[in-house]
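Just so you know, these numbers use all the heavy atoms, side chains as well, and skip hydrogens, waters and symmetry mates. Just so we're on the same page: letters track the sequence lines, and every chain starts at 1.
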2 protein chains.
Amino acid sequence: MPDEPLLDIGEVARRTGLAPSALRFYERKGLIAPEGRNGLRRAYRPEVLERLGLITCARSAGLSVAEIGRFLAARPSDGDLRERMTARAEDLDEQIGRLTRLRDSLRHAAVCTHEPVVDCPDFRRAIGGVAPRTHTGGDRPDAGPRRRSAHA
Amino acid sequence: MPDEPLLDIGEVARRTGLAPSALRFYERKGLIAPEGRNGLRRAYRPEVLERLGLITCARSAGLSVAEIGRFLAARPSDGDLRERMTARAEDLDEQIGRLTRLRDSLRHAAVCTHEPVVDCPDFRRAIGGVAPRTHTGGDRPDAGPRRRSAHA
DNA sequence: CCTTGACTTGAAGCGTGGTTCAAGTTCCAG
DNA sequence: CTGGAACTTGAACCACGCTTCAAGTCAAGG
C-alpha cells in the first residue's frame with residue numbers, strides 16, 4: 001500500500017475543476033466522502049476524481065444531485081434502482097431526440113432569412129414534434145398535478 | 001378576419017399543459033404576450049400555442065428562459081444572435097454526445113452485477129469521456145472565475 | 001514559536017424557474 | 001341582481017445547486 005496518496009480538498013478542486021464548496025456540498029448530500037481527515041482537513045483517495053467525473057457528467061445530463069446520490073449507492077440487488085436507471089435511460093433517449101431536433105432547428109435558424117426567425121417554415125418543420133405536444137384538440141381530463149419540472 | 005378566435009389564459013394553459021402562473025411568468029420575462037385584453041383578462045392568439053411549444057422544447061433542452069427570449073426576438077439582421085445560435089447548436093451537439101454515453105452507461109449499469117455498480121469496468125468504459133474532463137495532469141492556470149452552471 | 005495560508009464550520013445569500021396566496025375584479029348564468 | 005368561477009395583481013414562498021461569509025483551527029515552513 002503506497003505511503004499516502006491522499007489528496008486534500010484544494011487538490012481535488014484543482015484537478016476536477018469543481019469549487020471546494022461544491023465538494024463539501026456533494027459530501028453533505030452523500031455523493032462523496034473523504035477517506036479520512038488530516039487533522040480537520042479532508043483527505044481524499046484519488047478514486048474520488050473518477051467519481052466526481054461521473055457526477056459532473058450526470059449533472060450535465062440533468063440528473064439531480066439527489067438522484068445521482070441514489071445511483072451512486074446502487075448495488076446489484078436494488079431492483080428498484082435498476083428500474084429507475086432503465087427509466088432514466090429512456091428519458092435520456094427522448095431527450096437526445098429533442099436535443100437533436102432543436103440543434104438542427106437552431107442551425108437552420110442561424111442561416112434563414114425569415115423576419116421573425118421563429119416564423120420560418122423550415123425552422124418550424126425542423127422543430128416539429130420537438131415540443132412534448134401542442135395538442136390543439138383538448139384531451140386533458142382536468143386537475144391532475146400540474147406538471148412539475150419535467151426532469152429529476 | 002375571423003370573429004374572435006382569441007383564447008383566454010385558462011384555455012392556453014389547458015392546451016399547452018403549462019400552468020397559468022407559468023404563462024404569466026413567461027410574459028413577465030418577455031417570451032409571450034397576449035394579443036390584447038378582454039377587460040383585464042389576457043386574450044391570446046392561437047399562434048401562442050406554437051410559440052409555447054417551442055419554448056417548452058427549448059427549456060427541455062436546457063436553454064434558460066432569458067436566452068429563449070433573445071432567440072425568440074431574433075431577426076435576420078442579428079448577426080450576433082446568429083452566432084449565438086450556432087454556438088448553441090454546437091453546445092447541443094456536445095451535450096447530445098454526453099447524453100448518449102450516459103444513456104448507454106445507465107443501460108449497462110441497470111444490468112451489470114458489480115458490487116457498487118459504479119465500479120463496473122464496462123460501465124466505466126461506456127462512461128469514458130463523458131465527463132468534461134478528469135485531467136489528472138494539472139493545467140488550470142489559477143484563479144479563473146470558478147466554472148459557473150455550464151449552460152445558459 | 002509564530003506566522004501564514006489553506007482549511008474547518010454553519011448560516012446566510014443568490015439566481016433560476018416557477019407556485020401559492022391574498023385580495024380584488026369581471027364575466028356569465030340564472 | 002346575485003352568485004360563483006375564473007381571472008387579475010404583487011408579493012411571498014419554494015426547491016435546487018451552489019457560493020459567500022464570518023469566525024475559528026490547524027499544519028507546515030522560516
Atom-pair distance (CD on B/E27; C1' on C/dG18), nearest Å: 15 Å

Please list, pair by pair, any protein nitrogen or oxygen found under 3.5 Å from a nitrogen or oxygen in nucleotides 25-30 of chain C.
residue: C/dT26; atom: O2; partner: B/R41; partner atom: NH2; Å: 2.8

B/L6 CG to D/dC7 P, straight-line distance once rounded to whole Å: 15 Å

Sequence-distant partners of A/E35, side chain to side chain donor-acceptor pair (under 3.5 Å), two or more places apart: A/R45

DNA chain C: 5'-proximal contact among B/K29 and B/L23 (nearest heavy atom): B/K29

Between C1' of D/dT25 and CZ of A/R37, the distance in whole Å: 12 Å

Among D/dC18, C/dT8, C/dA6, the nucleotide that comes nearest once only the side chain of A/I9 is considered: C/dT8

Gap between atoms CD1 and P, on B/I68 and C/dG17 respectively (whole Å): 8 Å

Side chain of B/F25 (C-beta onward), nearest among D/dT9, C/dT9, C/dG18: C/dG18

Those residues that, when tested against A/E94, pass side chain to side chain contact (heavy atoms under 4.5 Å, CB included) (two or more places apart): A/R98

A/D104/A/R101 ion pair, N-O < 4.0 Å: no

Out of D/dC7, C/dG17, D/dT19, whichever nucleotide has its closest atom nearest the side chain of B/V65: C/dG17

Nearest-Å distance for atom pair OH/C1', residues A/Y44 and C/dT8: 12 Å

Comparing B/R24 and A/R59 on DNA chain D - which has the more 5′ nearest nucleotide: B/R24

Sugar-phosphate, base or nothing in reach of A/R42, heavy atoms under 4.0 Å: sugar-phosphate

A/S21 side-chain proximity, nearest of D/dT19, C/dG18, D/dT8: D/dT19

Sugar-phosphate only, base, or nothing, as touched by A/R28 at under 4.0 Å among non-hydrogen atoms: nothing

